[in-house]
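Take a look at the structure below.
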Amino acid sequence: MKPSHITFTGLDEATDLEKVVALSKMENCEWGILFSRNRQGIDPRYPSMEVIEKMLDAELTFAAHLCGKIAQHVMETSRIDIDLSKFSRVQVNHTDPSAVALARFSDNIGLPVIGQWRDSNRFPEIYEGVSWLYDPSGGNGLRPSTWPKNPSDHPVGYAGGINADNVATVIAAIGSLSPAGYWIDMESGVRTENLLDLSKVQDVIENVALSESHC
């Protein structure tokens, strides 16, 4: 089974949005924008709020990925002071996510929420408005030795060390683990010198398409 879409995380201030729009016409893509109180506008993976506002004018599907103190605040309060109206989904990158808090957050913002999950043995219980992304490496590009099966009737995501060289192998390995559907997410695997590398993104898209043609 092919992924429902591919999430490429980490649009940065150097990203050519015209090329991003063109690539999105080749495959169903979601583009993750990272948010952090301490890194925004400093680390290339976390563009300034001014740049993010310009990005959101593009005709693309966006996901907000909340990190660090922002994610912690969401887990504690189920609220946020960032305008998320132009995003399709919101991912909360927290090491100990609470499905109840995430479901409450989803209800408060009126958007689907993704929790980052790191337990290789199982996916957590599904709550209304909450999906799970299995990512044991937490964005560090480490590929797990095994992938958990999704027993629910809700789609889940898989991430960790996925890149153009291994994406076909990964799809073959996880394609039957989530009968309800799945997506794949990558960040480190499509970067060069900490910048989003659209040539690597294109290689991933082409290799996914090639793997699908052989299914």
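Keep in mind the model is a prediction, meaning the values are calculated, not measured.
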If you count heavy atoms of other groups shown closer than 6.0 angstrom to NZ of K69, is the number above 12? no

Carefully, step by step, assess N93 and D135 under the rule side-chain hydrogen bond (donor to acceptor under 3.5 Å, both in side chains). CA-CA 10 Å; N93 295 333; D135 182 11; over 6 Å; no

Do the side chains of K86 and E53 get close enough for a salt bridge, i.e. N-O under 4.0 angstrom? no

Quick check: closest heavy atoms across V190 and V204, and the distance to 0.1 Å? CG1-CG2, 3.9 Å

Would you compute the distance between atom CD of Q202 and atom CG of D197 and round it to the nearest 0.5 angstrom? 10.5 Å

Pairs where residues 4-25 contributes a residue and the test salt bridge (charged side-chain N to carboxylate O under 4.0 Å, His left out) is met, not counting sequence neighbours: D12-R191

For a quick test of reading the model, state the closest non-hydrogen atom pair linking P47 to I52 and the distance between them. O-CD1, 3.6 Å

How about F123 and Y158: are their ring centres within less than 6.0 Å of each other? yes

Applying a strict under-4.5 Å side-chain criterion to I, L, V, M, F, W and Y, I'd like to know whether I114 and I80 cluster together. no

May I ask you to test the I6-N28 pair for a side-chain heavy-atom distance under 4.5 Å? no

Have S24 and W31 got a donor and an acceptor in their side chains that come within less than 3.5 Å? yes

Does L66 share a hydrophobic cluster with L56, counting links as ILVMFWY side-chain heavy atoms below 4.5 Å and allowing steps through other members? yes

R89/L111 under side-chain contact (heavy atoms from CB on, under 4.5 Å): CA gap, chis, key distance, verdict: CA-CA 6 Å; R89 303 196 297 174; L111 291 171; over 6 Å; no

If you take all heavy atoms of P112 and S88, which pair is closest and at what distance? CD-O, 3.4 Å

Could you tabulate the donor-acceptor pairs under 3.5 Å formed by side-chain atoms of residues 163-179, not counting sequence neighbours?
unit_1	atom_1	unit_2	atom_2	d
N163	OD1	D165	N	2.9
N163	OD1	N166	N	3.1
N166	OD1	N163	N	2.9
N166	ND2	G161	O	2.9
S178	OG	N150	ND2	2.8
S178	OG	G181	O	2.7

Same apolar cluster (I L V M F W Y, side chains within < 4.5 Å links), L196/L23: yes

Does V90 reach the side chain of H65, with side-chain heavy atoms less than 4.5 Å apart? no

Please give me the minimum heavy-atom distance between V130 and A99, naming the atom from each residue. CG2-O, 4.1 Å

Using distance alone, with no hydrogens and no angle criterion, decide if S36 and N38 have a side-chain donor and acceptor under 3.5 Å apart. no

Taking C-beta and beyond as the side chain, do E76 and Q72 meet within less than 4.5 Å on heavy atoms? yes

Would you check if Q116 and H94 make a side-chain contact, meaning some heavy-atom pair closer than 4.5 Å? no

Heavy-atom side-chain contact between P155 and Y182 under 4.5 Å: no

With the side chain counted from C-beta on, respond yes when M26 and E206 share a heavy-atom pair under 4.5 Å apart, and no when they do not. yes

Go through the steps for H154 and S131 under the test side-chain contact (heavy atoms from CB on, under 4.5 Å), then give the verdict. CA-CA 7 Å; H154 294 265; S131 299; 5.7 Å; no

Pair V201-C29, side-chain contact (heavy atoms from CB on, under 4.5 Å): steps then yes or no: CA-CA 10 Å; V201 168; C29 299; 5.9 Å; no

Ignoring hydrogens and angles, tell me if any N or O in the side chain of W132 forms a donor-acceptor pair with the backbone of E125 under 3.5 Å. yes

Can you check whether L34's main-chain N or O pairs, donor with acceptor, with Q40's side chain at less than 3.5 Å? yes

Does the side chain of D185 pick up a donor-acceptor pair with the side chain of T9 at under 3.5 Å? yes

Polar side-chain atom of T77 near backbone of H73 as donor-acceptor pair, under 3.5 Å: yes

Got L102 and Q91 here, is their nearest side-chain heavy-atom distance under 4.5 Å? no

For the student: nearest non-hydrogen atoms of F35 and I33, plus distance: CD1-O, 3.4 Å

Taking S78 for the side chain and A101 for the main chain, is one N or O donor matched with an acceptor at less than 3.5 Å? yes

I'd like to know if D81 pairs up with R37 as an ion pair, taking the criterion as any Lys NZ or Arg NE/NH1/NH2 lying under 4.0 Å from an Asp or Glu carboxylate oxygen. yes

Within-4.5 Å side-chain heavy-atom neighbours: Y134 and P144: yes

Is there a path from F62 to F8 through hydrophobic residues (I, L, V, M, F, W, Y) whose side chains come within less than 4.5 Å of each other? yes

Give me the atom names and distance for the closest heavy-atom approach of A159 to W147. O-CZ3, 3.5 Å

Would you say CZ of R79 has more than 12 non-hydrogen atoms from neighbouring residues, nucleotides or ligands within 6.0 angstrom? no

What distance do T15 atom OG1 and L195 atom CG have between them, rounded to the nearest 0.5 Å? 7.5 Å

State the CD1-CE distance between I70 and M75, to the nearest 0.5 angstrom. 14.5 Å

Quick check: is Y46 connected to M55 through a chain of hydrophobic side chains (ILVMFWY, heavy atoms under 4.5 Å apart)? no

